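Here the structure is a predicted model, which means the values were calculated and not measured. Order of the sequence lines fixes the chain letters, A, B, ..., with proteins taken first and strands second; residue numbering starts at 1 for each chain.
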There are 2 protein chains.
Amino acid sequence: MTVWDRPEPPARPVPLDRERIVAAAIALADEGGLEAVSLRKVAGRLNAGPMRLYGYISTKEELFDLMVDEVHAEILPEEQPGDWREALRIIAHRTRQTVLRHEWLAELLGGRPTLGPNGLAVTEAKLAALDGLADIDTVMRAVETVSAYFTGAIRREIANLRAERATGLSKRDWQRASGPHVTRVLATGRFPTLAKAVYDGTEVDAEASFATGLDWVLDAVAVKLTRPPT
Amino acid sequence: MTVWDRPEPPARPVPLDRERIVAAAIALADEGGLEAVSLRKVAGRLNAGPMRLYGYISTKEELFDLMVDEVHAEILPEEQPGDWREALRIIAHRTRQTVLRHEWLAELLGGRPTLGPNGLAVTEAKLAALDGLADIDTVMRAVETVSAYFTGAIRREIANLRAERATGLSKRDWQRASGPHVTRVLATGRFPTLAKAVYDGTEVDAEASFATGLDWVLDAVAVKLTRPPT
DNA sequence: CTCATGGCGATACACTGTATTTCTGGGATA
DNA sequence: TATCCCAGAAATACAGTGTATCGCCATGAG
């Protein structure tokens with residue numbers, strides 16, 4: 001029984017940390033969506049048993065929280081411009097782009113409070129952009145309003161995107177001709193305005209529509225800011 | 001072997017329809033959240049085997065779609081007031097109240113296009129409120145912007161509500177004192193504006209905050225409507 | 001060299017969504 | 001009336017899930 005006959009001892013388990021676990025989970029989610037993230041698969045990717053993960057998280061939801069916080073690092077802009085409008089606009093667009101890169105984020109965004117370091121940093125950036133331009137309550141309301149708008153808008157955009165992908169059709173074609181259900185329903189005449197919107201509306205690309213709505217909301221905020229700055 | 005010895009023949013299976021299935025699913029979700037909705041439990045509640053449901057839906061997601069559309073009936077206002085602002089405001093508030101009644105809706109709202117009859121009716125109502133006040137593209141943008149705001153706001157409100165319930169603390173107390181993590185992080189001084197907001201901000205109730213933000217957004221829409229009505 | 005212990009893998013459990021197979025009662029036909 | 005057939009329901013099956021528990025073993029201490 002020479003050395004060559006004996007197998008090497010089993011490799012000591014690779015040390016783990018949350019960073020590696022979260023990275024593996026994010027990779028999985030990027031590839032196959034949130035539903036592709038299972039503790040077994042995450043652990044498998046790290047050559048570990050599923051139970052190993054419970055030393056680092058105590059529930060799958062916590063893993064999701066960590067994933068969300070991790071990608072918030074991509075949202076945080078490098079440096080803040082002086083103009084509050086520009087600052088909020090950039091954060092909104094960066095959020096959108098991050099969600100487009102990690103579509104699974106749409107399911108999670110706004111679903112739970114974001115209390116991780118990166119999430120808090122993003123919140124800080126939003127608030128800081130408006131700090132001093134009004135009393136803190138107004139600032140909070142403004143940030144929450146803008147954030148509510150863009151999380152809602154992004155979520156809807158992703159929902160539409162997925163529907164389009166599922167049918168392989170552009171939103172327009174799908175509504176107009178190929179979604180037999182929608183076509184039939186519109187033909188009943190019970191939804192005249194909707195029909196008009198579908199048939200007569202101009203198709204605008206998602207980013208432009210996002211930007212336009214965002215500008216409207218920012219306009220609204222601007223009005224409230226010029227109001228008593230206290 | 002008299003009649004008495006013989007058991008009655010097994011009751012003929014209760015006839016099913018989507019309405020009953022959806023009602024059962026909604027009841028389950030209202031009681032135990034979305035995660036309490038399993039095809040087995042839904043079927044069980046109707047004295048049927050799980051596979052029976054597949055005659056009426058072909059996937060669990062479709063069941064969710066039906067549930068969402070069903071509760072959209074609660075959102076649709078009985079009659080539309082003439083004033084577009086009031087009309088949109090009412091829809092927004094009815095949506096919020098419906099989600100508060102059916103918290104599971106928060107997870108689903110905006111997650112997929114709403115193509116059911118009630119969903120379309122709600123969309124029609126939104127569009128109809130603004131019809132004629134601007135070109136159809138502007139009307140669509142307005143409706144989408146307002147809807148994005150309030151779905152985002154509602155989702156966040158529910159997220160906070162759940163977090164509060166989970167800790168048994170008011171949002172304020174939780175952030176301020178009892179969430180050791182948040183307290184510790186704020187103490188680092190890395191998030192000065194956030195700290196100011198948490199410590200110096202006034203606690204406003206969710207409905208008021210929702211209404212305020214909504215008014216801001218409606219103001220923004222009003223401005224765009226008075227623009228070239230074309 | 002022995003022992004204890006902390007951490008890891010294996011095992012187990014209850015449950016999920018869904019595909020497939022098996023059964024059965026009622027209607028159609030002879 | 002007796003037979004066949006078949007739609008549709010039920011049972012079974014399967015691969016997978018999150019998580020609790022158990023038993024082992026390598027590494028450090030004594």
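Here the nucleotide nearest the side chain of B:M51, chosen from D:dA11, D:dC14, D:dG18, is D:dA11. Comparing D:dG18, C:dT18, D:dA10 by their closest approach to the side chain of A:R40 singles out D:dG18.
Computed from coordinates, the A:L53 CG to C:dG9 C1' distance equals 13 Å when rounded to whole Å. The distance from atom CG of A:L46 to atom P of C:dC8 is 13 Å, rounded to the nearest whole Å. One can place CD1 of B:I21 at 14 Å from P of C:dG17, the figure rounded to the nearest angstrom. Rounded to a whole Å, the CG atom of A:L63 is 10 Å from the P atom of D:dT19. As rounded to whole Å, 14 Å separates atom C1' of D:dA10 from atom CG of B:L16. As rounded to whole Å, 17 Å separates atom P of C:dT18 from atom OH of B:Y56.
In this structure, B:K41 does not reach the C:dC15 phosphate: none of its side-chain N or O atoms is under 4.0 Å from OP1 or OP2. OP1 or OP2 of C:dT18 sits under 4.0 Å from a side-chain N or O of B:Y54. One finds a side-chain N or O of B:T59 lying less than 4.0 angstrom from the OP1 or OP2 phosphate oxygen of C:dT18.
B:T212 contributes a side-chain N or O that, together with a main-chain N or O of B:A208, makes up a donor-acceptor pair within less than 3.5 Å. Between the A:Y149 side chain and the B:T145 main chain, no donor and acceptor come within less than 3.5 Å of each other.
Within residues 28-39 of chain A, the residues approaching DNA chain D are A:V37, A:S38, A:L39, by heavy-atom distance under 4.0 Å.
Note on residues 105-126 of chain A: pairs passing salt bridge (Lys or Arg N to Asp or Glu O under 4.0 Å), not counting sequence neighbours, are A:E61-A:R112, A:D65-A:R112, A:E107-A:R162.
Ring centers of B:F150 and B:H93: at least 6.0 Å apart, outside the cut-off.
Under 4.0 Å is where a charged nitrogen must lie from a carboxylate oxygen, and between B:R165 and B:E103 at least one such pair does. Using a cut-off of 4.0 Å between Lys/Arg side-chain N and Asp/Glu carboxylate O, B:E31 and B:R45 are scored as salt-bridged.
The 12-atom threshold is not exceeded at CD of A:E19, counting heavy atoms of other residues, nucleotides or ligands nearer than 6.0 Å.
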